[in-house]
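Please read these numbers as outputs of a predicted model, since none were measured by experiment. We number each residue from 1, following the sequence as shown.
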Amino acid sequence: MNFSRTLALVFCLLFAAGCNRRVSEEEQTARHEVREALHQRAFARALPAARRVLHFASNDNGAWARLAEAELGMRDRAAVAQTLAEWRRAVSHTSPKYEEDRGDLALAEGRPTEALAAWQKAVAGKDRGARVFVKIARLQQAAGRWQESVLAWTRALSSGQTAGALINRAICYRHLHSWEAASADLQMANKMAPRDPLVRQEYARSERLGKFLAEARDLDRQVRELPNDAGLLGDRALLFLRAGDAPLALDDANRAAQLAPKAVRPKLLRSIARREIAENSATKNEDPIRLEDLTPEFLQTISRLDAELAAEPESAELLANRAWQLNEIGQPRLALDDAQRALKSDPQSAGANTEASYALEKLGREGEAYARIKRATELDPHFSTAWQYRGELEMERAEFTTAIDSLTRALAINRTPAALARREECYRKVGLLAKADDDRKAREEISATR
């Protein structure tokens, strides 16, 4: 017998001896306790039993895995990190569960990239648990990596179909606009779990979208031909919003906003999509807006202004015009952005100062708003809208005599019922009731002739 064969035989005998290690009754009891506790998710009870098992089998991958599972269940990250380090030192060839637990810890500590790398390493060998593919799929899905998530869900489903995996893969297929594949998974999930809340939600969404699917397919074709056309992506985002599919709308609105960062329509569509996804709560840095706020006339006008500003990005007139449109639909932050850009191009623009003032007041910056409207009336003494808004701000400041002067200037240029109503209110505040009655009668006469 040569030396290499002798050495191999020795290793085999040693391995067999290790495999046939006598397990004491105490160890058997501890192993049973830890398995039962983990099954019942009684992690605090599992911890001491898992440590007792390690006392008997410090080089057992399974014993280390159960200890890490208990610590993860207790959300004791420091303990998990220590267990992983000791596991690595104690066992020369760690099992895939080591990488899985390492990924779980990384995700818990907010390191998704490291978590994904560890989980992918865990499924690289022959022992490929569906459980780990589910973790990979969920992480990829949360990051919006739809194709990668589909592949992971498919690997998870190869071990057995579940309604949860099918519905999640259907969601990913929908984001990829693979309509037939999404429908097939959705139908199968609905057969398996028709009462599941997520299945019912996605089934209802699919039914709504079905009414718009022909238009969506046509836009899909156009977008494939012109993938960087922000206008087409905005059109498709608007279609998805009308179909009640805010997540798909957000995909396209985000992409359109990236391609045309100075355009307003994608930002409005993105704000609506985010609001609907967040269940009627506006995002922190945006003003609440609904799809019904965007009339066809407004969308036509804002699309035209976006296109004109793409050609003339520094046009103060176009920017002030778009700021007015945005103020009209209650979007002061976006309006202020445009007004400030207009003022950077033309500091003497009365219109830009007026729109900036209106936006600032809506944002609670009253002092800045009044300074801007004063500047607007100084720049253009014949701007009736500026004079009227100046009067309204002076009313809010309880400066009724000054407001009367401003509103009188506005009425001298353009006699409107709104300005008359404001001045009538001021006259009553200062006790000039006869003048207030005159304004009321004038307002009624105007209304009667219309």
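Side chains of Arg409 and Gln388: no donor on one and acceptor on the other come within 3.5 Å. A donor-acceptor pair shorter than 3.5 Å cannot be found between the side chains of Arg375 and Asn353. Between Thr94 and Arg88, the side chains place a donor N or O and an acceptor N or O closer than 3.5 Å (distance only, hydrogens not considered). For Asp101 and Trp87, the side-chain atoms include no donor-acceptor pair closer than 3.5 Å. Of the N and O atoms on the side chains of Gln222 and Arg217, not one donor lies less than 3.5 Å from an acceptor on the other residue. Between the side chains of Trp153 and Asp185, not a single donor N or O lies within less than 3.5 Å of an accepting N or O.
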Checklist entry - Can you check side-chain contact (heavy atoms from CB on, under 4.5 Å) on Glu215 and Arg236, steps first, answer last? => result CA-CA 9 Å; Glu215 295 174 74; Arg236 196 167 65 178; over 6 Å; no
Checklist entry - Should Arg322 and Arg341 be marked as a side-chain contact (heavy atoms from CB on, under 4.5 Å) after you check the CA-CA gap, both sets of side-chain angles, and the distance that decides it? => result CA-CA 11 Å; Arg322 194 169 69 177; Arg341 285 177 58 198; 3.5 Å; yes
Item to check | Test log, rule side-chain contact (heavy atoms from CB on, under 4.5 Å), inputs Leu294 and Leu269 | outcome: CA-CA 9 Å; Leu294 307 185; Leu269 297 175; 4.2 Å; yes
Item to check | Pair Glu100-Arg131, salt bridge (Lys or Arg N to Asp or Glu O under 4.0 Å): steps then yes or no | outcome: CA-CA 10 Å; Glu100 180 184 352; Arg131 176 187 64 254; 2.7 Å; yes
Checklist entry - Hey, mind stepping through Leu166 and Met192 against side-chain contact (heavy atoms from CB on, under 4.5 Å) and telling me if it holds? => result CA-CA 10 Å; Leu166 284 165; Met192 295 176 69; 3.5 Å; yes
Item to check | Derivation and outcome, salt bridge (Lys or Arg N to Asp or Glu O under 4.0 Å), residues Glu109 and Arg77 | outcome: CA-CA 8 Å; Glu109 293 182 336; Arg77 298 174 190 171; 5.6 Å; no
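Ala246 and Leu241 get closest at one heavy-atom pair: CA-CD2, 4.3 Å. Shortest non-hydrogen contact noted between Pro112 and Leu139 is O-CD2, 3.5 Å. Counting all heavy atoms, side chain and backbone alike, Thr354 lies closest to Ala386 at OG1-CB, 3.7 Å. The nearest pair of heavy atoms linking Ser345 to Ala316 is CB-CB, 4.3 Å. The two residues Arg443 and Pro417 have their closest heavy-atom pair at CD-O, 3.3 Å. Looking at every heavy atom in both residues, Met395 comes nearest to Ala403 through CG-CB, 3.7 Å.
In this structure, the separation between CD on Glu425 and CZ on Arg423 is 13.5 Å, given to the nearest 0.5 Å. Between the CD atom of Glu368 and the CZ atom of Arg365 there is a distance of 4.0 Å, given to the nearest 0.5 Å. Expressed to the nearest 0.5 Å, how far NZ of Lys374 lies from CD of Glu394 amounts to 8.5 Å. Interatomic distance, OG of Ser183 versus CD of Glu180, reported as 8.0 Å (0.5 Å rounding). Here Ser315 contributes atom OG and Glu308 contributes atom CD; the two are 8.5 Å apart, rounded to the nearest 0.5 Å. Interatomic distance, Arg66 CZ to Lys97 NZ, rounded to the nearest 0.5 Å: 10.0 Å.
Outside the 6.0 Å centre-distance limit, the rings of Trp64 and Tyr98 are not counted as a close aromatic pair.
No side-chain heavy atom of Asp293 sits under 4.5 Å from any side-chain heavy atom of Ile272. Looking at Leu107 and Glu114, their side chains never come closer than 4.5 Å, going by heavy atoms from C-beta outward. Asn168 is listed as a side-chain neighbour of Arg138, based on a closest heavy-atom distance under 4.5 Å. Between Ser357 and Leu393, some side-chain heavy-atom pair lies under the 4.5 Å cut-off. Residues Leu407 and Leu420 have side chains not in contact (no heavy-atom distance under 4.5 Å, counting atoms from C-beta outward). Using a 4.5 Å heavy-atom threshold, the side chains of Leu186 and Tyr203 count as touching. You'll find the side chain of Leu238 reaches within 4.5 Å of the side chain of Leu291, heavy atoms only. Put simply, the side chain of Val80 does not reach to within 4.5 Å of the side chain of Asp104, judged on heavy atoms.
No more than 12 heavy atoms of other residues, nucleotides or ligands shown are found within 6.0 angstrom of CD on Gln300. Annotation for Tyr389: atom OH counts as buried by contact number, over 12 foreign heavy atoms lying within 6.0 Å. Within 6.0 Å of CZ in Arg200 there are 12 or fewer heavy atoms belonging to other residues, nucleotides or ligands. Under a cut-off of 6.0 angstrom, the local environment of CZ in Arg221 is crowded, with over 12 non-hydrogen atoms contributed by other residues, nucleotides or ligands. Crowding of Gln120 atom CD: a count of heavy atoms from other residues, nucleotides or ligands under 6.0 Å exceeding 12. The number of heavy atoms from other shown groups lying within 6.0 Å of CD (Glu378) is above 12.
The ring-ring contact (aromatic ring centres under 6.0 Å, His included) test applied to Tyr173 returns no partner, not counting sequence neighbours. Residues passing the ring-ring contact (aromatic ring centres under 6.0 Å, His included) test with His177 are Trp179, Phe240, sequence neighbours excluded. Residues meeting the side-chain hydrogen bond (donor to acceptor under 3.5 Å, both in side chains) test with Arg440, sequence neighbours left out: Glu444.
In terms of modelled atom types and a separation under 3.5 Å, the side chain of Ser406 and the main chain of Trp387 share no donor-acceptor contact. In this structure, the side chain of Lys267 does not engage the main chain of Lys262 through any donor-acceptor pair within 3.5 Å. Checked by atom type and distance alone, the side chain of Ser206 never pairs as donor or acceptor with a backbone atom of Glu202 at under 3.5 Å. Judged by distance alone, with hydrogens and angles left aside, the side-chain atoms of Ser149 form no donor-acceptor pair with the main-chain N or O of Arg145 at under 3.5 Å. Counting only distance, with no hydrogens or angles, the side chain of Ser384 and the backbone of Ala410 share no donor-acceptor pair below 3.5 Å. At least one donor-acceptor pair under 3.5 Å links the side chain of Ser349 to the backbone N or O of Ala352.
Using a 30° and 60° split on the angle between ring planes, Trp146 and His175 fall in the parallel class, below 30°.
Of the residues listed (Asp306, Asp252, Asp235), the one engaging Arg265 in a salt bridge (Lys or Arg N to Asp or Glu O under 4.0 Å) is Asp235, and it is the only one.
Within the cation-pi definition used here (under 6.0 Å to the ring centroid, within 45° of the axis), Arg397 qualifies as a partner of Tyr370.
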